[in-house]
Trainee: 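One structure, as structure tokens, below. Some questions next.
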Amino acid sequence: MAVPVLETERLILRPLTKDDLPAVYVWAGDSRVNKYMIYPLYKSMDDGKEWIDSLYEDDDKKDFGFVYKETGELIGSGGIYFHPDIDVWSIGYNIRYEFWNKGLVTEAMKKITSWAIENFDVKVIAGTFAVGNTGSQRVMEKLGLTFYEDTQYSKLDNSETFKAKTYSKVIKK
């Protein structure tokens with residue numbers, strides 16, 4: 001199933017394209033946003049090409065750009081990804097620094113997870129965040145996820161490893 005356009009009170013959630021690379025670079029090249037992300041800090045807009053190209057190749061990944069209705073700007077992205085080996089859907093997201101602490105990620109992810117639950121056989125939703133990333137922890141708690149286990153993860157280039165927590169929610173239909 002293709003990624004549709006969804007709408008919330010303040011956001012339009014839509015598929016990302018190569019035309020979005022300049023906007024993606026604004027957050028992916030910001031060390032404050034990138035601090036706990038799995039990808040290395042983007043040093044140029046070209047750093048996101050491979051990611052954008054690969055977004056919709058795998059039907060188990062549903063990524064959305066977050067467009068702020070008030071300005072029409074792409075301010076972040078997020079999605080939900082199916083892991084068939086463990087029958088779990090995991091969430092991930094990021095947003096420009098100046099839009100932190102406004103409830104926009106929670107708003108977007110509530111819509112995305114609701115859409116996924118309505119359209120797929122979602123049994124469990126999970127998310128992992130670095131210890132110390134209290135913003136991400138709050139988003140997961142607002143989505144109804146609770147502590148599942150202590151874990152760790154590394155940046156894709158193995159430049160840093162983080163102590164982390166995974167939160168999850170069993171979906172009852």
Side-chain angles (χ1 to χ4, degrees), residues 1-28 30 33-34 36-39 48 51-52 54-84 86-130 133-148 164-173:
M1 172 186 284
V3 173
V5 174
L6 304 174
E7 194 168 334
T8 70
E9 181 182 337
R10 298 178 290 171
L11 299 168
I12 295 170
L13 309 172
R14 61 158 177 80
L16 292 157
T17 71
K18 283 185 183 179
D19 293 339
D20 294 321
L21 281 170
V24 170
Y25 177 69
V26 173
W27 72 79
D30 183 333
V33 176
N34 180 270
Y36 297 117
M37 307 294 6
I38 63 169
Y39 54 81
W51 175 67
I52 292 270
S54 70
L55 277 180
Y56 305 107
E57 292 176 352
D58 184 347
D59 203 39
D60 290 337
K61 295 179 182 179
K62 309 298 181 188
D63 277 287
F64 295 81
F66 303 166
V67 177
Y68 192 51
K69 285 181 181 178
E70 189 174 306
T71 63
E73 293 176 280
L74 178 68
I75 61 165
S77 69
I80 188 161
Y81 321 100
F82 182 57
H83 303 278
I86 56 174
D87 203 13
V88 170
W89 290 78
S90 65
I91 57 172
Y93 41 80
N94 48 46
I95 194 166
R96 281 181 17 197
Y97 183 77
E98 60 267 31
F99 289 94
W100 284 13
N101 301 311
K102 298 182 185 314
L104 291 164
V105 171
T106 301
E107 184 177 317
M109 295 310 298
K110 278 184 179 178
K111 185 69 170 186
I112 292 167
T113 55
S114 294
W115 169 80
I117 291 165
E118 290 169 12
N119 289 281
F120 304 98
D121 185 23
V122 178
K123 295 180 179 115
V124 176
I125 294 174
T128 299
F129 61 90
N133 188 349
T134 56
S136 207
Q137 179 179 351
R138 283 193 312 268
V139 167
M140 291 188 199
E141 289 170 350
K142 289 177 184 177
L143 294 173
L145 281 67
T146 57
F147 177 78
Y148 176 72
K165 295 189 178 293
T166 295
Y167 277 30
S168 68
K169 177 181 179 179
V170 174
I171 305 302
K172 296 178 175 35
K173 291 188 180 182

Trainee: In chain order, what residues pass the ring pair (Phe, Tyr, Trp, His ring centres under 6.0 Å) check against Y25, with sequence neighbours excluded?
Mentor: none
Trainee: Closest heavy-atom contact between L21 and G48?
Mentor: CD2-C, 3.4 Å
Trainee: Taking all non-hydrogen atoms of both residues into account, name the closest pair between V124 and I171 and its distance.
Mentor: N-CG1, 4.4 Å
Trainee: So, using ring pair (Phe, Tyr, Trp, His ring centres under 6.0 Å) as the criterion, who are the partners of W51 when residues are at least two apart?
Mentor: none
Trainee: Among residues at least two apart in sequence or on other chains, which ones pass side chain to side chain donor-acceptor pair (under 3.5 Å) with R96?
Mentor: E73, E98
Trainee: Tell me every residue that passes side chain to side chain donor-acceptor pair (under 3.5 Å) with T134, counting only those two or more places apart in sequence or in another chain.
Mentor: none
Trainee: To the nearest 0.5 angstrom, please state how far the CD1 atom of I125 sits from the OG atom of S168.
Mentor: 10.0 Å
Trainee: What pairs with Y39 under side chain to side chain donor-acceptor pair (under 3.5 Å), at least two apart in sequence or on another chain?
Mentor: N94
Trainee: Do E107 side-chain atoms and T8 backbone N/O form a donor-acceptor pair below 3.5 Å?
Mentor: no
Trainee: Once side chain to side chain donor-acceptor pair (under 3.5 Å) is applied, do any residues pair with K61, and if so which ones, sequence neighbours excluded?
Mentor: none
Trainee: K102: which residues meet the salt bridge (Lys or Arg N to Asp or Glu O under 4.0 Å) condition with it, sequence neighbours left out?
Mentor: none
Trainee: Could you report the tightest heavy-atom contact between P15 and P4, atom names first, then the distance?
Mentor: CD-O, 3.9 Å
Trainee: Enter the distance from Y167:OH to Y148:OH here, rounded to the nearest 0.5 Å.
Mentor: 14.5 Å
Trainee: How far does CE of M109 sit from CG of L13, to the nearest 0.5 angstrom?
Mentor: 9.5 Å
Trainee: Can you confirm whether K69 is buried at NZ, in the sense that more than 12 heavy atoms of other residues, nucleotides or ligands lie under 6.0 Å from that atom?
Mentor: yes
Trainee: Tell me whether Y36 at atom OH has more than 12 heavy atoms from other residues, nucleotides or ligands lying less than 6.0 Å away.
Mentor: yes
Trainee: Sequence neighbours left out, what passes ring pair (Phe, Tyr, Trp, His ring centres under 6.0 Å) with F64? Give chain and number order.
Mentor: W115
Trainee: CD1 of I95 to CG of L11: how many Å apart, nearest 0.5 Å?
Mentor: 7.0 Å
Trainee: What's the spacing between M140 CE and K169 NZ if we round to 0.5 Å?
Mentor: 13.5 Å
Trainee: Under the 3.5 angstrom rule, does the side chain of W89 hit a backbone N or O of K123 as a donor-acceptor pair?
Mentor: no
Trainee: Testing the 3.5 Å rule here: is there a donor-acceptor pair between the side chains of D63 and Y81?
Mentor: yes
Trainee: Nearest heavy-atom pair of A28 and N34: which atoms, and what distance?
Mentor: O-ND2, 4.1 Å
Trainee: When rounded to the nearest 0.5 angstrom, what is the spacing between CZ in R10 and CZ in F66?
Mentor: 12.0 Å
Trainee: So, using salt bridge (Lys or Arg N to Asp or Glu O under 4.0 Å) as the criterion, who are the partners of R138 when residues are at least two apart?
Mentor: none
Trainee: List for me each residue that meets ring pair (Phe, Tyr, Trp, His ring centres under 6.0 Å) alongside F99, sequence neighbours excluded, and say none if there are none.
Mentor: Y68
Trainee: For side-chain contact (heavy atoms from CB on, under 4.5 Å), just list the numbers for V24 and W27, CA-CA rounded to whole Å, side-chain angles, deciding distance to a tenth of an Å, and then say yes or no.
Mentor: CA-CA 6 Å; V24 170; W27 72 79; 3.8 Å; yes
Trainee: Taking only residues two or more places apart in sequence or in another chain, which ones pass salt bridge (Lys or Arg N to Asp or Glu O under 4.0 Å) with E141?
Mentor: none
Trainee: Can you sort out the partners of D19 under salt bridge (Lys or Arg N to Asp or Glu O under 4.0 Å), two or more places apart, ordered by chain and number?
Mentor: none
Trainee: Can you check side-chain contact (heavy atoms from CB on, under 4.5 Å) on V122 and F82, steps first, answer last?
Mentor: CA-CA 9 Å; V122 178; F82 182 57; over 6 Å; no
Trainee: Which heavy atom in L16 sits nearest to a heavy atom in S77, and how many Å separate them?
Mentor: CD1-CB, 3.9 Å
Trainee: Using the side-chain contact (heavy atoms from CB on, under 4.5 Å) definition, which of the options I112, L143, V139, V105 pairs with I91?
Mentor: L143
Trainee: Starting from the C-alpha separation in whole Å, work towards a yes-or-no answer on side-chain contact (heavy atoms from CB on, under 4.5 Å) for K142 and L145.
Mentor: CA-CA 7 Å; K142 289 177 184 177; L145 281 67; over 6 Å; no
Trainee: How close do V33 and M37 get, heavy atom to heavy atom, and via which atoms?
Mentor: O-CG, 3.3 Å
